[in-house]
Amino acid sequence: LTFVIVASLVVPALLLVASFALGGVVATLDGWDARRGFEYILANASGLGSLLSEVSPAARWAKNAAIVGCFVAKLLCTCSMGLVAATSFVHRLAELVPKSSCGLILATA
């Protein structure tokens, strides 16, 4: 997959799925509907300055689940972007190396 496809399609889809799944947990623990939990996790994981929802968790377990949920959603997106960027970099580097048996040694000399 190219970086553009992953950055524009896969990462947002991954963030939406993670926010929906983890937002449901927070919503259940705090007594919200699923939409409010989804909006809360999505806004926090994506780093929005203005929140999508005016609620915040009140129960102790809901606060803990919100912290973990936002962390996991952000981690999934960041790791997928990092893996694609590193893969693109290594692929470009491999294209620069000559195809001979000592290509890497000749490229670095």
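Predicted, not measured: the structure shown is a model, and the values here were computed from it.
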Closest contact, heavy atoms only, [X] versus [Y]:
| X | Y | value |
| --- | --- | --- |
| Ala18 | Leu76 | CB-CD1, 4.0 Å |
| Leu29 | Ala65 | CD1-CB, 3.6 Å |
| Ala45 | Cys70 | CB-O, 4.0 Å |

[X]: what forms a side-chain contact (heavy atoms from CB on, under 4.5 Å) with it, not counting sequence neighbours?
| X | result |
| --- | --- |
| Ala58 | Asp30 |
| Val68 | Val72 |
| Thr78 | Lys74 |

Review item, side-chain donor-acceptor pairs of residues 9-17, under 3.5 Å, at least two apart:
none

* Asked: What pairs meet the ring-ring contact (aromatic ring centres under 6.0 Å, His included) rule with one or both residues in residues 11-48, with sequence neighbours excluded?
  ->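 Listed by first then second residue: Trp32-Tyr40.
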* Asked: Tell me the salt bridge (Lys or Arg N to Asp or Glu O under 4.0 Å) pairs involving residues 39-68, sequence neighbours left out?
  ->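 Checked against salt bridge (Lys or Arg N to Asp or Glu O under 4.0 Å) - neighbours excluded - the pairs reaching residues 39-68 are Arg35-Glu39, Arg36-Glu54.
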